[in-house]
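Written out below as structure tokens is the structure these notes cover.
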Amino acid sequence: MRLVIAECQVDYVGRLTAHLPMARRLLLIKNDGSVSVHADDRAYKPLNWMSPPCWLHESPAPDDSTATALWVVTNKAGEELRIQIGEVEHDSTHELGVDPGLVKDGVEAHLQELLAEHVATLGTGYTLVRREYMTAIGPVDLLCRDAGGATVAVEIKRRGEIDGVEQLTRYLELLNRDTTLAPVSGVFAAQVIKPQARTLAEDRGIRCLTLDYDALRGTESTEFRLF
């Protein structure tokens, strides 16, 4: 991972446009190719970012610019994140090694077990290939086949948020490099899926599935229902 703290101006050019004026920010460049721009607030959420697969090209800034360098991050759709770099305060690279992945809490682990037992919840004709299918960046919760025999990767969360969609996106990018599995589609399954996460997932062609924990356990909820 490369960490850069610098004065920078950021412009996103794609389906939408966005502009961040020159200010001091943290730039994260990860080994998966992703680039994200952070301010000193907003918790983990970046101000702007480009998800993999994407490519970073660094060059001197144009002569008419006050910046010292220009970074252009391009994804496969041709969208660009253009970062003009001013004064650099810090620039370092660190090897983090292979991450073991997030250890799921008891509910998430049980959801995975239940969904594996009742894989038809995903759709008619679905079959389970394997639980905890290992990849170079961590295990995919469930690897399945749909009714047509196509490969489907399933990420299971108790609460579905943007970071879970990003996690599944990385798995899909890696799995689709394997010609014995590709094409691989994704399902993001959770008890509750936040609207922002649903929007991001659907934009990336990932299907969202809301899970009923009680129904999977074969019990009825004790909450009152109108219907």
Side-chain angles (χ1 to χ4, degrees), residues 1-39 42 44-99 101 135-138 140 151 153 155 162-186 188 197 199-206:
M1 178 185 291
R2 182 181 175 190
L3 308 176
V4 178
I5 298 175
E7 296 284 330
C8 63
Q9 173 182 304
V10 184
D11 290 278
Y12 177 82
V13 182
R15 289 165 296 175
L16 303 172
T17 58
H19 173 74
L20 295 172
M22 188 70 74
R24 182 182 298 172
R25 300 185 178 93
L26 168 64
L27 307 173
L28 295 183
I29 304 94
K30 296 185 179 181
N31 283 340
D32 63 4
S34 63
V35 177
S36 56
V37 182
H38 297 260
R42 301 162 62 91
Y44 65 88
K45 187 176 181 181
L47 297 169
N48 215 326
W49 69 93
M50 190 70 81
S51 300
C54 60
W55 301 268
L56 169 62
H57 176 71
E58 299 182 47
S59 63
D63 293 336
D64 60 352
S65 172
T66 59
T68 60
L70 174 64
W71 294 6
V72 179
V73 189
T74 309
N75 65 15
K76 61 182 179 180
E79 299 167 320
E80 290 184 347
L81 198 62
R82 302 178 66 86
I83 306 174
Q84 296 187 50
I85 305 293
E87 180 183 356
V88 177
E89 183 175 317
H90 177 87
D91 189 343
S92 64
T93 302
H94 309 268
E95 279 295 334
L96 302 184
V98 177
D99 192 271
T135 74
I137 57 174
V140 177
T151 310
E155 181 64 25
I162 284 177
D163 57 347
V165 178
E166 295 286 8
Q167 183 181 359
L168 180 54
T169 299
R170 292 193 293 271
Y171 288 146
L172 290 172
E173 195 277 329
L174 194 63
L175 291 169
N176 273 299
R177 298 179 191 174
D178 187 338
T179 56
T180 64
L181 297 175
V184 185
S185 60
F188 187 54
T199 298
L200 180 62
E202 292 174 351
D203 181 67
R204 295 181 178 178
I206 295 170

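Bear in mind that the values here come from a model prediction, so they are computed numbers and not experimental data. Worth knowing before you read on, the calculation uses all heavy atoms, side chains too, and leaves out hydrogens, waters and symmetry mates.
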(request) Starting at CD1 of I137, measure out to CD of E173 and round the result to the nearest 0.5 Å. (result) 8.0 Å
(message) If you define the side chain from C-beta out and look only at heavy atoms, does anything of I206 sit under 4.5 Å from L172?
(response) yes
(message) Using 0.5 Å steps for rounding, measure from the CG atom of L20 to the CG atom of L81.
(response) 8.5 Å
(message) Tell me whether T68 contacts the main-chain N or O of I85 through its side chain, where contact means a donor paired with an acceptor under 3.5 Å.
(response) yes
(message) Show the nearest heavy-atom pair for residues I162 and A197, with the distance to one decimal.
(response) N-CB, 3.7 Å
(message) Given 3.5 Å as the limit, does a donor-acceptor pair link the side chain of N176 with the main chain of V184, or not?
(response) yes
(request) Using only heavy-atom distances, determine whether the side chains of Y171 and E155 contain a donor-acceptor pair under 3.5 Å. (result) no
(request) Kindly give the heavy-atom pair with the smallest separation between G164 and F188, and that separation in Å. (result) C-CE1, 3.6 Å
(request) Please indicate whether H90 has more than 12 foreign heavy atoms, meaning atoms of other residues, nucleotides or ligands, lying under 6.0 Å from its NE2. (result) yes
(message) Just verifying a value: how many Å separate W49 CH2 and H38 NE2, rounded to the nearest 0.5 Å?
(response) 10.0 Å
(request) Would you please say whether a donor-acceptor pair under 3.5 Å links the side chains of R2 and T93? (result) no
(request) Identify the two heavy atoms, one from P52 and one from T169, that lie closest to each other, and give their separation to 0.1 Å. (result) O-CG2, 4.5 Å
(message) Taking T199's backbone N and O only, do any of them form a donor-acceptor pair with D203's side chain (distance below 3.5 Å, no angle check)?
(response) no
(request) Go through the steps for T17 and H19 under the test side chain to side chain donor-acceptor pair (under 3.5 Å), then give the verdict. (result) CA-CA 7 Å; T17 58; H19 173 74; over 6 Å; no
(request) Could you check Y12 against E79 for side chain to side chain donor-acceptor pair (under 3.5 Å), going step by step and ending with a plain yes or no? (result) CA-CA 8 Å; Y12 177 82; E79 299 167 320; 3.2 Å; yes
(message) How close do V73 and C54 get, counting heavy atoms only, and between which atoms?
(response) CG1-SG, 4.0 Å
(message) For a side chain to side chain contact (heavy atoms under 4.5 Å, CB included) check, start with the C-alpha distance between V35 and L27, then their side-chain angles and the critical distance, and finish with the verdict.
(response) CA-CA 7 Å; V35 177; L27 307 173; 5.6 Å; no
(request) Using a cut-off of 6.0 Å, state whether more than 12 heavy atoms not belonging to E58 lie near its atom CD. (result) yes
(request) Starting from the C-alpha separation in whole Å, work towards a yes-or-no answer on side chain to side chain contact (heavy atoms under 4.5 Å, CB included) for L70 and R82. (result) CA-CA 7 Å; L70 174 64; R82 302 178 66 86; 3.6 Å; yes
(request) Flag the pair R204 and E166 as a salt bridge only when some basic side-chain nitrogen lies within less than 4.0 angstrom of an acidic carboxylate oxygen. (result) yes
(request) To the nearest 0.5 Å, tell me how far W55 CH2 sits from K76 NZ. (result) 8.0 Å
(request) For residues T151 and L181, report the shortest heavy-atom separation together with the two atoms involved. (result) OG1-O, 2.9 Å
(message) Using 0.5 Å steps for rounding, measure from the CG atom of L28 to the CE atom of M1.
(response) 5.5 Å
(message) Could you tell me if Q84 and S65 have a donor-acceptor pair between their side chains, going purely by distance under 3.5 Å?
(response) yes
(request) Any chance you could measure K45, atom NZ, to S36, atom OG, to the nearest 0.5 Å? (result) 13.0 Å
(request) Compare all side-chain heavy atoms of L26 with those of V4 and state whether any distance is below 4.5 angstrom. (result) no
(request) Over all heavy atoms of both residues, which pair between A153 and V140 is shortest? Give the atoms and the distance, please. (result) CB-CG1, 3.8 Å
(request) Start with the C-alpha gap between V88 and I5, add the side-chain angles, then the distance that decides, and say whether side chain to side chain contact (heavy atoms under 4.5 Å, CB included) holds. (result) CA-CA 6 Å; V88 177; I5 298 175; over 6 Å; no
(message) So does E7 get a backbone contact from the side chain of R25, meaning a donor-acceptor N/O pair under 3.5 Å?
(response) no
